[in-house]
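Below you'll find the structure, written out as structure tokens, and then a few comments.
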Amino acid sequence: MKNVKVFFEPDNIEVEVPQGSKISTALQKAGIHFDLPCGGKGICGKCRVKVLSGVVTVNDTEKKHLGDKADQGWRLACQARINQSSRISVEKEVYSYHKILSANRACGVEERNSNPNITKKLFFFPEITLQNPISLQENIGNSVGLFPCEISFEVVKSMATEKTGEFTGVFYDKTLLGIEKGNTTKTSYGIGFDLGTTTMVLTLYDMPNCKEVVSVVKPNPQIQFGDDIISRVGFSMEKDGLIKLQQIIISEINKMIDESVKITGISRNNIYQFNLSGNTVMEQIFLKVQLNSLSTIPFNPVIKGPIIIKAKEVNLNINPEGQIFIFPVLGGFVGGDAVALVLATGIHRSEQICIGIDIGTNGEIVIGNKNGMISASTAAGPAFEGGRITYGMRAQTGALEKYKFNEEKMDFQYTIIGGNSLKGICGSGLVDVISSLKKAGLLESSGRFVPLSSNDLSKKYIRMINEHPVFVFEPEKQDSIHLTQKDVREFQSAKGAIRTGVEILMSIYGTTIDKIDKIYLAGALGNFASIDNLKEIGMLPEIDAGKIVSCGNTSLGATIMYLCNKDLTYDINQIISKTKVIELSLYPKFQDVFTDSLFL
């Protein structure tokens with residue numbers, strides 16, 4: 001089979017691939033990051049590229065998603081095959097994310113005295129003399145109060161050219177991780193990391209002062225293999241799938257570390273701790289642990305944790321002897337981010353019954369207090385982060401983030417991130433849209449669009465596309481972005497999954513909503529979506545809005561808390577021992593509860 005050339009714009013990259021290769025294969029070979037939200041199955045229709053020259057045959061799947069745009073050269077990268085030399089345009093996304101919340105504001109926890117796992121000790125390194133010709137390893141041990149056998153080869157090697165003087169020993173508990181020249185006792189750095197299915201957040205932290213230095217946020221590059229954890233599990237079981245998933249995530253994390261040290265001027269060798277929280281699948285991929293057991297009943301994880309390894313074991317670009325702490329999982333798909341949710345909100349210390357909800361692609365729900373907790377995961381899917389919605393997108397420039405129905409003007413008002421032209425809808429915007437359409441009478445409680453021309457608003461905003469009703473956001477434009485009936489159903493399924501989890505856990509715990517003291521909402525949607533609108537659409541039970549607390553990114557916040565306070569090891573162990581994982585599908589009335597939860 002002969003090769004054909006493919007030239008990608010605007011990166012100006014040329015590659016050769018075997019004739020008949022998919023465009024997605026050529027993109028991967030070119031090193032161009034490109035999302036395949038449905039894992040390349042042709043379901044979502046979002047991996048659109050434009051063929052500028054060269055004939056690429058259109059298949060039925062593309063015709064279904066692209067319609068007339070196929071005649072203008074648009075193709076789906078996961079479907080279209082390259083049969084001759086081609087020039088292809090790939091739209092580059094410019095990310096503009098919301099401000100990352102700091103640990104204390106995100107978690108709503110009290111200030112704690114700094115007591116990090118990483119400590120430093122100043123010592124004088126004496127010169128080795130002819131009268132006492134001991135080894136360098138012995139000299140280091142004598143200086144810091146350890147036996148020679150407790151000094152690692154890497155530490156000895158780093159001191160091979162040093163003679164005498166003032167140095168600082170860096171310890172993790174009682175283990176010597178490294179030695180820094182001079183007195184550096186007042187500076188010590190660690191990283192808190194939220195490994196989300198869709199988004200990753202890194203915060204570089206000054207541990208002695210418990211102070212944020214810089215934060216970096218990036219999309220999870222694994223999305224090219226699927227936008228949910230089930231897709232990732234499936235891909236991991238393909239040949240070299242797990243290796244690819246791990247390598248791409250470690251590479252992207254290292255780029256985030258590079259960005260943070262470039263901004264701050266801090267040496268990566270001075271970063272000695274890396275705390276990571278994520279769901280079960282994300283954590284096992286990071287550790288390159290097989291996911292097969294999570295693909296079949298009883299969906300058990302391989303490891304419980306917490307896991308502590310050295311940075312060099314996974315090629316993470318901090319100090320090679322730096323300690324990586326992986327938050328423990330509770331069971332099944334209820335991962336380290338659920339432990340982080342409880343730790344950050346303090347549910348495990350509460351006298352009253354509280355509910356914690358981490359709203360994301362893989363939603364986690366915890367209910368209980370200091371006497372015990374139960375938890376569950378809900379397969380909400382990526383709709384809350386713009387996935388599987390026709391014009392859904394992440395919270396970046398051009399995304400609709402707020403939408404409101406003005407009853408006086410009988411019209412809609414909205415805000416766009418960056419104030420630019422409207423490109424799509426992010427999660428918080430989608431919540432507002434669904435709520436506003438319901439208030440305006442354009443959506444029935446079943447989620448169905450009202451009949452065309454049933455009122456003035458429907459005449460203005462409802463159109464028929466491919467014989468199906470859609471809601472258009474800019475009716476003055478012929479090619480306005482729009483919301484389809486399928487989009488509404490996708491959202492209903494996601495919000496229904498969350499509400500179902502809440503209702504079932506309350507029932508199993510033996511409580512009712514009037515006995516709940518607080519509902520903690522975590523994740524980007526929990527922080528930026530309107531509380532009133534979340535109640536309006538039925539994602540949350542009817543409860544006083546004053547009892548609902550937006551906590552921001554608790555997965556990130558808890559990793560930072562643990563950087564600053566090693567005493568939280570006790571809390572983490574308490575959370576593990578006090579929490580039981582519930583499989584929601586085993587609940588006798590699961591289907592009835594889920595069906596009821598779909599209504600708006």
Side-chain angles (χ1 to χ4, degrees), residues 33 93 95-109 189-206 211-223 227 229 248-264 271 273-279 281-283 285-286 316-318 324-327 335-341 343-345 358-364 382 384-387 394-396 399 417 426-428 521-528 550-564:
H33 173 73
E93 293 181 324
Y95 296 102
S96 176
Y97 290 87
H98 290 291
K99 185 180 184 296
I100 307 302
L101 298 178
S102 69
N104 289 324
R105 281 189 294 149
C107 306
V109 295
Y189 300 99
I191 286 174
F193 196 86
D194 169 32
L195 180 52
T197 310
T198 304
T199 306
M200 308 184 301
V201 189
L202 174 153
T203 294
L204 180 61
Y205 231 70
D206 174 348
K211 181 180 177 183
E212 178 181 332
V213 181
V214 69
S215 287
V216 179
V217 59
K218 297 287 183 184
N220 188 325
Q222 293 174 345
I223 200 170
D227 61 5
I229 58 174
I248 196 172
I249 205 71
I250 294 295
S251 173
E252 192 68 15
I253 293 173
N254 281 335
K255 289 177 184 176
M256 296 171 76
I257 294 171
D258 289 343
E259 186 174 334
S260 69
V261 298
K262 184 178 180 181
I263 293 170
T264 62
I271 303 172
Q273 189 169 353
F274 185 95
N275 293 343
L276 181 145
S277 164
N279 63 54
V281 173
M282 291 299 102
E283 291 191 352
I285 288 174
F286 179 86
L316 201 67
N317 286 345
I318 61 173
I324 298 177
F325 179 92
I326 312 292
F327 269 61
D337 47 359
V339 174
L341 169 64
L343 181 67
T345 56
D358 190 347
I359 306 174
T361 305
N362 182 59
E364 287 90 14
F384 295 140
E385 301 187 63
R394 300 187 190 97
Q396 62 196 45
I417 296 176
C426 68
S428 62
L521 297 183
L525 189 71
N527 188 70
F528 294 106
S550 295
C551 301
N553 191 338
T554 55
S555 182
L556 174 69
T559 64
I560 294 169
M561 289 168 63
Y562 192 55
L563 282 177
C564 295

* Could you give the distance from OG (Ser428) to CD1 (Ile417), rounded to the nearest 0.5 Å? -> 6.5 Å

* **Heavy-atom closest pair, residues Tyr205 and Lys211** => CE2-N, 3.3 Å

* Over all heavy atoms of both residues, which pair between Pro219 and Met200 is shortest? Give the atoms and the distance, please. => O-CE, 3.9 Å

* Of all heavy-atom pairs between Gln222 and Ile285, which one has the smallest distance, and what is that distance? -> NE2-CG2, 3.2 Å

* Is there side-chain contact between Leu195 and Asn220, with at least one heavy-atom pair below 4.5 Å? -> yes

* Asked: Would Ile263 and Leu204 satisfy side chain to side chain contact (heavy atoms under 4.5 Å, CB included), going step by step from the backbone distance to the final call?
  -> CA-CA 11 Å; Ile263 293 170; Leu204 180 61; over 6 Å; no

* To do: Report yes if the side chains of Lys218 and Val216 come closer than 4.5 Å at any heavy-atom pair, otherwise no.
  => yes

* Do Phe286 and Ile250 touch side chain to side chain, with heavy atoms closer than 4.5 Å? -> yes

* Who passes ring pair (Phe, Tyr, Trp, His ring centres under 6.0 Å) against Tyr562, sequence neighbours left out? -> Phe325

* CG of Asn254 to CD1 of Ile318: how many Å apart, nearest 0.5 Å? -> 9.5 Å

* Asked: Rounded to the nearest 0.5 Å, what separation is found between the OH atom of Tyr189 and the CG atom of Leu563?
  -> 13.5 Å

* Taking every non-hydrogen atom, the tightest pair across Ile257 and Ser260 -> O-OG, 2.7 Å

* **side-chain hydrogen bond (donor to acceptor under 3.5 Å, both in side chains) partners of Ser555, counting only residues at least two apart** => Asp194, Ser277

* Structure fact -> Hits for side-chain contact (heavy atoms from CB on, under 4.5 Å) against Thr197, two or more places apart or cross-chain, chain-then-number order -> Ile229, Arg232, Asn279, Met282, Thr361

* Partners passing side-chain hydrogen bond (donor to acceptor under 3.5 Å, both in side chains) against Asp258 (at least two apart in sequence or in another chain) -> Arg268

* What pair of heavy atoms forms the shortest contact from Gly336 to Glu283, and how long is it? -> CA-OE2, 3.4 Å

* Is there side-chain contact between Met561 and Asn275, with at least one heavy-atom pair below 4.5 Å? -> no

* Structure fact -> Hits for side-chain hydrogen bond (donor to acceptor under 3.5 Å, both in side chains) against Asn317, two or more places apart or cross-chain, chain-then-number order -> none

* Asked: In Å, rounded to the nearest 0.5 Å, how long is the span from CD of Glu364 to CG of Leu341?
  -> 8.0 Å

* Asked: Sub-3.5 Å donor-acceptor pair from the side chain of Thr559 to the main-chain atoms of Leu276, do we have one?
  -> no

* Structure fact -> In this structure, CG of Asp358 is separated from OG1 of Thr554 (nearest 0.5 Å) by 5.0 Å

* **Under the side-chain contact (heavy atoms from CB on, under 4.5 Å) test, residues paired with Ser251 that sit two or more places apart** => Lys255

* Calculate, to the nearest 0.5 Å, the distance between atoms OG and CD1 belonging to Ser215 and Ile560 respectively. => 6.5 Å

